[in-house]
Amino acid sequence: MSVLHSARLVLPSGVVEGGWITVSEGRIAAVGGPQDPRPSSSDGHDELDLGGRWLLPGFVDLHVHGGGGKSLTIGDADEALGALALHRTHGTTTSLASLLTNPIDDIVRGAEVLADLADDGHIAGIHLEGPFLSHIRCGAQDPAYLLAPDPAALDAMLTAGRGHVRVVTIAPELPGAIDLIKRIVDAGAVAAIGHTDATYDQTCEGLEAGARLATHLFNGMRGVHHREPGPATALLEHPEVVVEIVADGVHLHDAITRLVFDHCGPNRVAMITDAMAAAGAADGIYPLGPQMVHVQNGIALLEGTHAIAGSTLTMDSALRRVVNSGVPIQDVSAALSTTPARVVGLDKEIGSIAEGLTANLLVLDADLAVDAIMIDGEWTRKPF
Ligand SMILES: [Zn+2]
């Protein structure tokens with residue numbers, strides 16, 4: 001058993017100064033504060049003094065396409081593992097891999113490859129971002145391969161994913177979308193509303209059919225107007241909906257990020273990267289699905305357009321940005337770990353520092369830089 005002590009423990013309920021935890025057989029065995037008696041090294045335990053550093057749960061990224069120059073979307077396992085390795089060094093201990101709009105046979109092949117990676121524990125599941133999306137709001141998704149909602153195409157992708165498809169993004173205003181949302185939910189996946197030109201009322205219909213997640217709120221959706229409040233207003237208004245946000249200062253102004261936290265509280269916000277291959281890599285030209293993306297100063301734009309084509313964000317830099325913009329660290333941690341784990345049904349295993357959960361942990365220094373990473377109770381980056 002290991003004891004980690006003298007930490008600033010970040011729990012969903014708040015920060016515990018001088019806190020400690022024990023880790024045994026890959027799990028968090030006990031959690032205590034400064035007043036609680038903790039096991040001592042004289043009992044034969046390993047002891048690590050964190051010297052007042054932050055201790056947080058590992059990040060859970062529900063929406064990522066690549067990183068480190070590698071892609072998760074092209075049906076290549078080695079590329080996918082490279083992208084996951086980059087994000088792991090930035091504190092992401094659990095990822096859903098996001099496929100893009102492509103010819104349906106390519107999505108099916110991508111899902112088969114990702115299902116193998118899920119079987120082996122490299123990813124926690126698959127997010128299908130397309131192809132049932134709006135032509136008007138498709139962003140960097142290739143419009144040539146968008147489809148009207150089609151049960152047979154959905155079933156082909158779900159079958160290829162072998163139970164690992166956890167999220168499907170869909171535009172609820174498309175013909176047949178409401179039935180397809182019900183089909184997604186019946187299959188045990190989360191229906192997410194996104195890349196949509198739906199009105200407020202059409203979005204509400206999608207939510208009544210069972211959709212429970214907003215794909216990158218505000219991005220890739222009709223804007224807010226005081227006479228046509230649009231999807232964002234409907235998604236914010238429904239307390240059962242979790243909203244993804246890309247808090248990189250490019251996709252959203254920091255004031256909007258604060259507004260979302262103020263309105264929703266941490267239990268309804270899932271911070272995501274939506275990262276493409278250039279995350280953690282140099283500026284340049286990168287493929288994103290079948291299209292090319294120009295990355296300059298870390299901003300990814302579809303070549304020849306002003307459409308934002310994913311981000312170059314990592315979860316640790318998102319944490320620093322949002323904490324420094326004034327959101328309490330325990331709320332940011334909940335949005336990076338606890339809430340995303342819960343929305344895809346993983347909260348009994350991961351997503352917070354609590355007894356019995358998997359010991360996926362991050363040690364951050366006073367500047368909120370990642371100092372050490374533990375996955376399944378093993379240090380993948382040794383502490384200082
Ligand atoms: Zn995306």
Side-chain angles (χ1 to χ4, degrees), residues 59-68 70-75 79-80 83-84 86-87 92 94-102 106-107 110-111 114 123-143 145-146 157 161 165-171 189-196 211 213-221 231-232 235 242-248 250-252 269-280 286-293 295 298-302 305 307-315 318 340 343-344:
F59 303 136
V60 179
D61 190 355
L62 297 180
H63 188 153
V64 57
H65 303 282
K70 310 286 186 188
S71 173
L72 285 157
T73 68
I74 58 170
E79 282 259 337
L84 294 167
L86 180 279
H87 287 285
T92 301
T94 304
S95 305
L96 293 195
S98 297
L99 291 172
L100 293 161
T101 300
N102 258 317
D106 290 359
I107 301 176
L114 292 176
I123 56 173
I126 301 164
H127 163 216
L128 301 175
E129 192 173 14
F132 313 121
L133 309 176
S134 161
H135 277 266
I136 303 170
R137 305 287 175 182
C138 67
Q141 304 271 343
D142 192 332
Y145 303 113
L146 295 174
M157 295 187 294
V165 174
R166 288 187 183 268
V167 178
V168 182
T169 297
I170 179 166
V190 176
I193 289 182
H195 288 287
T196 172
L213 184 63
T215 298
H216 40 56
L217 185 74
F218 292 114
N219 298 117
M221 57 179 70
L235 292 160
V242 168
V243 298
E244 294 180 352
I245 59 168
V246 187
D248 62 353
V250 175
H251 285 72
L252 297 180
V269 182
M271 289 168 62
I272 58 164
T273 62
D274 195 14
M276 43 77 74
Y286 289 86
L288 183 71
Q291 309 201 90
M292 298 308 284
V293 172
V295 181
I299 298 174
L301 298 178
L302 197 60
T305 76
I308 304 176
S311 83
T312 58
L313 190 61
T314 52
M315 294 290 260
V343 76
V344 292

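Just follow the structure's listing: the first ligand is 1, and inside any ligand the first atom is 1. Note that the numbering runs from 1 along the sequence shown for the chain. For clarity, every value in this text was computed on a predicted model and none was experimentally measured.
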Inset, instruction - Would you mind reporting whether E244 and D274 have side-chain heavy atoms less than 4.5 Å apart? - result: no
Inset, instruction - Would you check if there is a donor-acceptor pair between the side chains of E129 and H216 at a distance under 3.5 Å? - result: yes
Inset, instruction - Supply the atom-to-atom distance I123 CD1 to D61 CG, rounded to the nearest 0.5 angstrom. - result: 12.0 Å
Inset, instruction - Confirm or rule out an N/O/S atom of H65, from backbone or side chain, lying less than 2.8 Å from the Zn ion (ligand 1). - result: yes
Inset, instruction - Report the angle formed at the Zn ion (ligand 1) by atom OE1 of E129 and atom OD1 of D274, rounding to the nearest 10°. - result: 170°
Inset, instruction - State whether H127 contributes an N/O/S atom found under 2.8 Å from the Zn ion (ligand 1). - result: no
Legend entry - Criterion side-chain contact (heavy atoms from CB on, under 4.5 Å) against L86, the qualifying member of T314, T92, V64: T314
